[in-house]
Amino acid sequence: MGKALIIGAGGVSNVVVHKCCQNPDIFEEICIASRTKSKCDAIKDSLKDVKTKVFTAEVNADNTHELVDLINVFRPDIIINVALPYQDLTIMDACLITGVHYLDTANYEPPDIPKFEYKWQWAYKERFEKAGLTAILGSGFDPGVTGVFCAYALKHHFDEIYQIDIIDANAGDHGHHFATNFNPEINIREITANGKYWEGGNWVEISPLSMKNAYDLPQIGLKDIYMLYHEELESLALNITGIKKIRFWMTFSQKYLMHLTVLQNVGMTSIKPIKFEGIEIQPLHFLKAVLPDPASLGPRTKGKTNIGCLMQGTKSGRPKNYYIYNVCVHEETYAEVGSQAISYTTGVPAMIGAKLLLEGKWKIPGVHNVEEFDPDPFMEELTKQGLPWHEDFTPALID
Ligand code: NDP
C-alpha cells in the first residue's frame, strides 16, 4: 500500500520498524534514516524473514535540505519521526516542500527552552491544510494512546468528561543504579520542569515533583505517583469538551528520585552551557553520554508498565467514573521485538497512526492531535498489534 521513511534509530525506532514489518501489506517499503547510519543498519540486521523491503540512509534531520534530498530519492508517502523533538519543525518543513504526510510522538521543543508546547507545530495547520497533507502529532503512548482513550471514552461512555487523571506507572527494573527508559535528555528535562495542571480554565503551576499521591494499579499494586506536566494536557484541555480538571501522574521509585536529586543538586541536569577544559558543554548532554543508552535496557528490564486514564463525568444526567488502561510486560516486548516496554508502548501506536493514515482512516488535511480523529479504528488496532486495553467502571478516584 505505501512507503514510510522512519527518522531516528533509537529504542522507539526499533519498535516502529519491527511493527511496520509485521504489517507488510501496508508498509511495502520502509527506509530507516538517522544521524548514525550504523544504528539503522543494526536495526535492519535484527529483522528476520520480513516481506517489507527495508533500506537505510544517513541524514541530519536538523537540515531541511538534506531531508528533502533523501525524500526525493526514496519518495515516501509518510514520514514517521522518532528522532528527537528538536527535529520536528525541520521535518515538517521538508514534508511541505515534498508533499509527504507527517507523524511524530513528541512535540517540538527548542533546544534551549524546555517548554513542551504545541504552539510551534500548531502554527503549521493552515500550510498542511492547503497542501492537502495530514500531520498527526503525538502518536506514542503518552501523548498518543492516552488521547485516544479520552476520545473513545467521550464517544462511547460519557456525555461530558469533567476530570481526567492520566496515570503512567513503570514497575520495571533494569538493574542499573540510575537510567532513563527513553532518551535521558528529554526525560530529565520533562521531570525537572515545574509541574502544571489544568483546573477551571487556568494552568496551575507547582514546583517539580511537589505533589504526591498513591494509587493501587491493576497488575502492579500500590505505587507512589507524582504530578508533573505532560504535553498531552495542553491539547486535551482544548479538545475534550466540558473538561474542568486534567492532571498527569507518574510513578518514580525512591532510588530514582534520590539519584535525580543528587544530580540536580550538583548541577548535572542543567541545560545552561559551561566551559570545561576550554570546551563549551551542556551538563545534561554530558550526563546523557555517561548514562546507559535506553536502547540497551531491553534485555535487562523485567516487570510491567501500566498507563491509563481515570475519568469522571456524566452520562444521561448521572455521574459516571471510568478507568481505561494498558498493561505491558517488559520481558514479552523484548522477546517479540528486542526492546523494553517503554519503547514498545511508544513505537506500536506510532506504527498504528501511520497505518490508519495510509489506509485513509486518519487522513484529514491539517495538523492534528490524536484525540481529534475517530478513536474506534485505533482502539481496534491496539488490541491486534500488541497493546490490549482494559476497562474498570468502578475505579478508585484520586483526591
Ligand atoms: P533515542 O535517543 O533512543 O533515539 C533518538 C534517535 O534520533 C537516535 O537514533 C538519534 O541518532 C536520532 N537523532 C537525534 N538527532 C538527530 C538528527 N539531528 N538527525 C537524525 N537523527 C537524529 O530516543 P528514543 O527512541 O527513546 O525516543 C524517540 C522519540 O520518542 C523522542 O522524541 C522521545 O521524546 C519520544 N518518546 C515519546 C513517548 C510517547 O509516549 N509519546 C515515550 C517515549 C519517547 P544518534 O544515535 O546518532 O544520536
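Treat the numbers as computed from the prediction; the structure is a model and nothing was measured. Whatever order the structure lists them in is the order used to number ligands and atoms, beginning at 1.
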Can a salt bridge be assigned to the pair Lys315 and Asp159 using a cut-off of 4.0 Å between side-chain N and carboxylate O?
-> yes
N/O of Pro294 under 3.5 Å from N/O of ligand 1, yes or no?
-> no
Indicate yes or no: does an N/O atom of Ala9 lie under 3.5 Å from an N/O atom of ligand 1?
-> yes
Going by the atom numbers of ligand 1, which of them fall below 4.0 Å from some non-hydrogen atom of Asn60?
-> 17 (C), 18 (N), 19 (N)
For the residue pair His259 and His177, categorise the inter-ring angle as parallel (less than 30°), tilted (30 to 60°) or perpendicular (more than 60°).
-> parallel
Numbered atoms of ligand 1 (with element) below 4.0 Å of Val12, judged on heavy atoms = 24 (P), 25 (O), 26 (O), 27 (O), 28 (C), 30 (O)
Among protein heavy atoms, which lies nearest atom 38 (C) of ligand 1, and at what distance?
-> Thr346 CG2, 3.4 Å
Among all protein heavy atoms, pick out the one at the shortest distance from atom 4 (O) of ligand 1; state its residue, atom name and that distance to 0.1 Å.
-> Gly10 CA, 3.3 Å
Closer than 4.0 angstrom: is that true for some heavy atom of Gly144 and an atom of ligand 1?
-> no
Can you pull out the closest protein heavy atom to atom 11 (O) of ligand 1? Residue, atom name and distance to 0.1 Å, please.
-> Ser34 OG, 3.4 Å
Residue, atom and distance of the protein heavy atom nearest atom 2 (O) of ligand 1 read Asn183 ND2, 2.7 Å
Going by the atom numbers of ligand 1, which of them fall below 4.0 Å from some non-hydrogen atom of Ile186?
-> 34 (O)
Heavy-atom distances under 4.0 Å are what count here, so tell me which part of Pro143 touches ligand 1: side chain, backbone, both or neither.
-> both
For atom 48 (O) of ligand 1, grab the closest protein heavy atom and report residue, atom and distance to one decimal in Å.
-> Arg35 NH2, 2.6 Å
Got an N/O contact under 3.5 Å between Asp62 and ligand 1?
-> yes
Of all the atoms in ligand 1, which lie at a distance below 4.0 Å from a heavy atom belonging to Ala61?
-> 17 (C), 18 (N), 19 (N), 20 (C)
Anything under 30° is parallel, anything over 60° is perpendicular, the rest tilted; go ahead and classify Tyr226 against Phe252.
-> tilted
Can you list the atoms of ligand 1 that are under 4.0 Å from a heavy atom of Ala106?
-> 32 (O), 34 (O)
For ligand 1, which atoms, with element, lie under 4.0 Å from some heavy atom of Thr36?
-> 45 (P), 46 (O), 47 (O)
Test of proximity, Leu84 against ligand 1: N or O pairs below 3.5 Å = no
Ligand 1 versus Pro85: contacting region, heavy-atom distance under 4.0 Å | both
Between Tyr162 and Lys245, is there a cation-pi geometry (under 6.0 Å to ring centre, at most 45° from the normal)?
-> no
Has ligand 1 got any nitrogen or oxygen that is less than 3.5 angstrom from a nitrogen or oxygen of Phe182?
-> no
Decide if the gap between the ring center of Tyr229 and the ring center of Phe248 is smaller than 6.0 angstrom.
-> no
Quick one: which ligand 1 atoms are inside 4.0 Å of a heavy atom on Lys39?
-> 45 (P), 46 (O)
Leu103 and Ile79, any side-chain heavy atoms less than 4.5 Å apart = no
Is there any N or O on Ile7 that sits under 3.5 Å from an N or O of ligand 1?
-> no
Taking only non-hydrogen atoms of Gly11 and a 4.0 Å limit, the atoms of ligand 1 in range are 3 (O), 25 (O)
Please confirm whether Ala83 comes within less than 3.5 Å of ligand 1 when only nitrogen or oxygen atoms on both sides are compared.
-> yes
Please name all residues satisfying side-chain contact (heavy atoms from CB on, under 4.5 Å) with Ala214, sequence neighbours left out, ordered by chain then number.
-> Leu222, Asp224
Option with minimal heavy-atom separation from atom 41 (N) of ligand 1, where the choices are Asn181, Val82, Thr105 | Thr105
Looking only at distance, does Lys288 have an N or O less than 3.5 Å from an N or O of ligand 1?
-> no
Could you point out which residue of Thr346, Thr345, Asn14 forms a side-chain hydrogen bond (donor to acceptor under 3.5 Å, both in side chains) with Ser339?
-> Asn14
Contact (N/O only, under 3.5 Å) between Gln87 and ligand 1 = yes
